[in-house]
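The basis for the numbers below is simple: all heavy atoms, side chains too, and nothing from hydrogens, waters or symmetry mates.
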Amino acid sequence: MMSVGKVMQEYNHAKQILEQMELQYTEDFHKAQTLTNSLFSSEFKKASITKSYNEMYTVARRQMDYNLLVKKDEAIFQFGYERKNGRINELRYAFFECPIVYPSYGDFLDGINYTTEEVGDAFLSEYEDWKERCRDNLVDEGKTKINPVSIRYDYSEAQYAGIKHPVSHFHIGENNEIRIPTKKIITPFSFVTFVLRNVYYQDWKRLIHTQAFSENYYKGKGNCQDIKNNHFSPDEEKDFYMM
């Protein structure tokens, strides 16, 4: 299993590749100090189980329940771990696409009787403030995407139940019973590279054949440890799994 130091190292590596992709982000520095699951609010944890995706996302934004917020599209990344007897026994990473369809900057200016030709970027900060104030209202009004993307990764030794519940797996979408097993222990960096490849495909495609980016990107899989046999049964070996 990864050490805490390795998790922190891979988290910092993940931020570096986001920067290589020119995906600017806001970081919650308090959560970044330890990356423990306990730093996420009880309100968010409850909403993730009992509320809709849109409501869960608005709670996450209101409570700042994220490690990284991508400025381009307001998607959020979460990273966390738990320890038992001094070693990590649980990992949880998540990517949640912003479900809200915001009016464009041009539409915002039109509402205050200006055009981009007249004022350029002069009202961008006001536009961002307006989005912050109106987020809950836009969700209530149904101005949201039909199928926002969510990708989660879980590693839990306590919940391991052989082929019925893999110790290491991905969730794609909001159906918790979709568990895609993997025979690797995924790092924060490899999780981010998986998201970049599949969610930010156009940006990824533009850079994947450039030397600096590709050399960094391909480190993701190689940095993942194999699952030991006591947490990967013969039945799981015969089944479909990632890596």
Side-chain angles (χ1 to χ4, degrees), residues 1-17 31-42 44-46 48-50 56 65-68 76-96 149-199 216-243:
M1 170 50 72
M2 282 187 292
S3 66
V4 172
K6 179 66 171 177
V7 171
M8 300 300 295
Q9 180 185 29
E10 291 289 299
Y11 171 71
N12 289 324
H13 195 184
K15 291 189 293 182
Q16 292 172 7
I17 201 164
K31 291 184 180 65
Q33 291 176 9
T34 63
L35 296 183
T36 56
N37 281 333
S38 60
L39 293 176
F40 295 103
S41 72
S42 58
F44 170 78
K45 292 175 182 177
K46 182 178 179 180
S48 67
I49 298 170
T50 63
M56 177 209 63
D65 279 311
Y66 55 81
N67 299 95
L68 303 173
I76 61 177
F77 284 96
Q78 297 175 335
F79 303 93
Y81 66 85
E82 294 293 339
R83 286 190 289 183
K84 183 177 181 180
N85 299 326
R87 62 180 292 276
I88 292 176
N89 68 326
E90 289 191 10
L91 294 165
R92 178 188 173 276
Y93 316 139
F95 169 85
F96 297 117
V149 175
S150 68
I151 301 172
R152 293 175 292 136
Y153 168 74
D154 290 328
Y155 176 95
S156 176
E157 295 176 1
Q159 295 183 25
Y160 176 58
I163 196 169
K164 293 184 291 185
H165 195 290
V167 70
S168 179
H169 58 269
F170 284 87
H171 294 278
I172 308 295
E174 291 307 290
N175 184 340
N176 278 328
E177 293 187 356
I178 296 176
R179 297 185 184 94
I180 303 172
T182 173
K183 202 178 179 181
K184 298 284 187 178
I185 301 174
I186 304 302
T187 72
F189 175 72
S190 56
F191 178 78
V192 169
T193 60
F194 181 80
V195 171
L196 295 179
R197 168 69 174 82
N198 291 284
V199 179
N216 197 15
Y217 173 82
Y218 288 124
K219 293 175 183 176
K221 182 178 177 180
N223 287 344
C224 296
Q225 300 174 16
D226 290 328
I227 302 289
K228 293 183 179 179
N229 289 340
N230 61 326
H231 285 125
F232 204 85
S233 69
D235 284 343
E236 291 174 273
E237 189 69 58
K238 291 183 287 186
D239 198 10
F240 288 106
Y241 61 86
M242 292 174 58
M243 298 191 289

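Closest heavy-atom contact between V192 and A14: CG2-CB, 3.7 Å. Looking at every heavy atom in both residues, S48 comes nearest to M56 through CA-CG, 3.9 Å. T34 and Y81 make their closest contact through O-CE2, 2.8 Å (heavy atoms, listed as atom of the first residue, atom of the second, distance). Nearest approach of Y160 to V167, heavy atoms of both residues: CD1-N, 3.3 Å.
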For Q78 and F96, what are the C-alpha separation, side-chain angles and deciding distance, and is it a side chain to side chain contact (heavy atoms under 4.5 Å, CB included)? CA-CA 9 Å; Q78 297 175 335; F96 297 117; 3.5 Å; yes
Might you work through the side chain to side chain contact (heavy atoms under 4.5 Å, CB included) test for D154 and Q159, ending with a clear yes or no? CA-CA 10 Å; D154 290 328; Q159 295 183 25; over 6 Å; no
Would you please test Y155 and I88 for side chain to side chain contact (heavy atoms under 4.5 Å, CB included) and show each step? CA-CA 10 Å; Y155 176 95; I88 292 176; 5.8 Å; no
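Applying the side chain to side chain contact (heavy atoms under 4.5 Å, CB included) criterion to M8, with sequence neighbours excluded, gives V4, L35. Residues meeting the side chain to side chain contact (heavy atoms under 4.5 Å, CB included) test with N12, sequence neighbours left out: K15. Here H171 pairs with H169 under the ring-ring contact (aromatic ring centres under 6.0 Å, His included) rule; sequence neighbours left out. Here R197 pairs with nothing under the salt bridge (charged side-chain N to carboxylate O under 4.0 Å, His left out) rule; sequence neighbours left out. Taking F191 as the reference, Y93 meet the ring-ring contact (aromatic ring centres under 6.0 Å, His included) condition, with sequence neighbours excluded. Under the side-chain hydrogen bond (donor to acceptor under 3.5 Å, both in side chains) criterion, R83 pairs with no residue at all, not counting sequence neighbours. Take Y241 and apply the ring-ring contact (aromatic ring centres under 6.0 Å, His included) test, not counting sequence neighbours, and it matches F232. Under the side-chain hydrogen bond (donor to acceptor under 3.5 Å, both in side chains) criterion, T182 pairs with no residue at all, not counting sequence neighbours. With sequence neighbours excluded, the residues that form a side chain to side chain contact (heavy atoms under 4.5 Å, CB included) with N198 are F194. Looking at residues two or more places apart in sequence or on another chain, you find no side chain to side chain contact (heavy atoms under 4.5 Å, CB included) involving S42. In terms of the ring-ring contact (aromatic ring centres under 6.0 Å, His included) criterion, F40 has no residue partners (sequence neighbours excluded).
Within a 6.0 Å sphere centred on CG of N229, other residues, nucleotides and ligands contribute 12 heavy atoms or fewer.
Rounded to the nearest 0.5 angstrom, I178 CD1 and I172 CD1 are separated by 8.5 Å. Taking CG from N216 and NE2 from H13, the interatomic distance works out to 3.5 Å, rounded to the nearest 0.5 Å. Note: M1 CE to I185 CD1 = 4.0 Å, rounded to the nearest 0.5 Å. The distance from the OH atom of Y218 to the OG1 atom of T193 is 10.5 Å, given to the nearest 0.5 Å. Distance NZ/K219 to CD/E10: 10.0 Å, rounded to 0.5 Å. Atom NZ in K6 sits 4.5 Å away from atom CG in N223 (nearest 0.5 Å).
A 4.5 Å side-chain heavy-atom check between F79 and L68 finds at least one atom pair inside the cut-off.
The main-chain N or O of I186 is never found under 3.5 Å from a side-chain atom of S190 such that the two would form a donor-acceptor pair. Between the side chain of D65 and the main chain of S41, a donor-acceptor pair closer than 3.5 Å is present.
The closest side-chain donor-acceptor pair between Y153 and S168 falls under 3.5 angstrom.
Among residues at least two apart or in separate chains, salt bridge (charged side-chain N to carboxylate O under 4.0 Å, His left out) pairs with a member in residues 226-243 are K183-E237, K184-D226, D235-K238.
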